[in-house]
Amino acid sequence: MSFTVAIDGPAAAGKGTISRAVAERFGLAHLDTGLLYRATGAKVLDGMKPLAAAEALRAEDLKRDDLRTGDVARAASQVAAIPEVRAALVTFQRAFAQRQGGAVLDGRDIGTVICPEAQVKLFVTASDNVRADRRYREMKGSGMDVTPEGVLADLRERDVRDSGRLAAPLKPAEDAVMLDTSQMSIEDAVAKAIEIISAARR
Ligand code: CDP
Ligand code: CDP
């Protein structure tokens, strides 16, 4: 049986940071599933239809330079509300989760839909303002033309769409451990996640 860690939560809660750190700590493969939706959204901005874009995804699409922009994030959240798009991406994600040696997947529906059998499920949150501030610093730091207000508005719009959609909405699995990182440093959040995963591996 493979060992799977599911990490879900709203935008900029710290899912990716925690996932990368625990993957390294426990020697697990890591898949940032948001990249699949971002790459699909980017192709739609290029002019493709959403389902065709999802079905045509290739590994190199996940390495595009523009995947972290606000426009692509919005397009990702729009295509992610389409059930057929989500269905087209399921097989790849489940196969990744079954890897020998185990895997960490982070996204919105990993614990609820993609890997309901995951041995560990974390739902990472932080207040709107903390998350927007983190994302603003991150985007500003990579040279993007953003304002704190704009980032907060975009993040809220995306969270409302992601939580309100019918297809695999953002919500904690019933057996998820909640991790509110509003008052936590990255080191504290990672240490807490490692503690939870270590307990499950025993
Ligand atoms: O993957 P997700 O969108 O949930 O968040 P992330 O990309 O891991 O984190 C967003 C930003 O917040 C990054 O710049 C992290 O370095 C930062 N962060 C933080 O300041 N404190 C934490 N406890 C977690 C993340
Ligand atoms: O890093 P951040 O949390 O801001 O976003 P992301 O994880 O890269 O995801 C971008 C968008 O893809 C989200 O706003 C969701 O609409 C969608 N997504 C999803 O629906 N299901 C997933 N498993 C992962 C992402």
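Any value given below was found using the heavy atoms of this structure, including those in side chains, with hydrogens, waters and symmetry copies removed. We count ligands from 1, going down the list as the structure has it; atoms in each ligand are counted the same way. Counting from 1, the numbers follow the sequence of the chain as shown.
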[X] side chain to [Y] backbone, donor-acceptor under 3.5 Å:
X   : Y    : result
R86 : A80  : yes
R74 : S77  : no
S2  : G101 : no

Which ligand 2 atoms does [X] reach within 4.0 Å, using its non-hydrogen atoms?
X    : answer
D162 : 13 (C), 14 (O), 15 (C), 16 (O)
S77  : 14 (O), 16 (O)
A80  : 16 (O), 17 (C), 20 (O)
R158 : 2 (P), 4 (O), 5 (O), 10 (C), 11 (C), 13 (C), 14 (O)

Which residue from K15, R131, R20, Q183 reaches closest to atom 2 (P) of ligand 1 through any of its heavy atoms?
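Result: the heavy atom closest to atom 2 (P) of ligand 1 is in K15.
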Options I18, I186, L179, V190, ranked by nearest heavy atom to atom 25 (C) of ligand 1, top entry
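When every heavy atom of I18, I186, L179, V190 is considered, I186 comes closest to atom 25 (C) of ligand 1.
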Can a non-hydrogen atom of S185 be found less than 4.0 Å from any atom of ligand 1?
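It does; at least one heavy atom falls under 4.0 Å.
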Protein residue, atom and distance nearest to [atom], heavy-atom basis:
atom                    : value
atom 5 (O) of ligand 1  : G14 N, 3.1 Å
atom 1 (O) of ligand 1  : G16 N, 2.8 Å
atom 10 (C) of ligand 1 : E138 OE1, 3.7 Å
atom 21 (N) of ligand 2 : R86 NH2, 3.0 Å
atom 18 (N) of ligand 2 : Y37 CD1, 3.6 Å
atom 23 (N) of ligand 1 : M184 O, 3.3 Å
atom 17 (C) of ligand 1 : R134 CD, 3.9 Å
atom 8 (O) of ligand 1  : T17 OG1, 2.5 Å

side-chain contact (heavy atoms from CB on, under 4.5 Å) between V113 and R94, worked out:
CA-CA 10 Å; V113 174; R94 291 212 173 121; 4.3 Å; yes
Are the charged groups of R68 and D32 less than 4.0 angstrom apart, N to O?
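Yes, charged N to carboxylate O under 4.0 Å.
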Pairing of E24 and R20 as salt bridge, 4.0 angstrom limit
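Looking at E24 and R20, the cut-off is not met.
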With heavy atoms under 4.0 Å as the rule, classify the contact between [X] and ligand 2 as side chain, backbone, both or neither.
X    : answer
R165 : side chain
A12  : backbone
R38  : side chain

Out of curiosity, L155 CG to Y136 OH, how far, rounded to the nearest 0.5 Å?
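Between atom CG of L155 and atom OH of Y136 there are 14.5 Å.
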Side chains of R137 and S142: do they bring a donor and an acceptor to under 3.5 Å?
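No pair is found: no donor N or O on one side chain lies under 3.5 Å from an acceptor on the other.
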Kindly indicate whether the side chain of R99, heavy atoms from C-beta on, has any atom under 4.5 Å from the side chain of F96.
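Contact flag for R99/F96 side chains = yes.
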For ligand 2, is A73 a contact, meaning one of its heavy atoms is under 4.0 Å away?
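In this structure, A73 fails to qualify as a contact of ligand 2 - no heavy atom is under 4.0 Å.
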Is it true that, when you exclude Q183 itself, more than 12 heavy atoms of the residues, nucleotides or ligands shown sit nearer than 6.0 Å to its CD?
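No - once you tally the heavy atoms of other residues, nucleotides and ligands closer than 6.0 Å, there are 12 at most.
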Before giving the answer on side chain to side chain donor-acceptor pair (under 3.5 Å), spell out for D71 and T69 the whole-Å C-alpha distance, their side-chain angles and the decisive distance to 0.1 Å.
CA-CA 5 Å; D71 286 349; T69 65; 5.6 Å; no
Can you check whether R108 has an N/O within less than 3.5 Å of an N/O in ligand 2?
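Such a contact does occur with ligand 2.
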Say whether D106, considering both its backbone and side-chain N or O atoms, lies within less than 3.5 Å of an N or O atom on ligand 2.
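For ligand 2, there is no N or O atom that lies under 3.5 Å from one belonging to D106.
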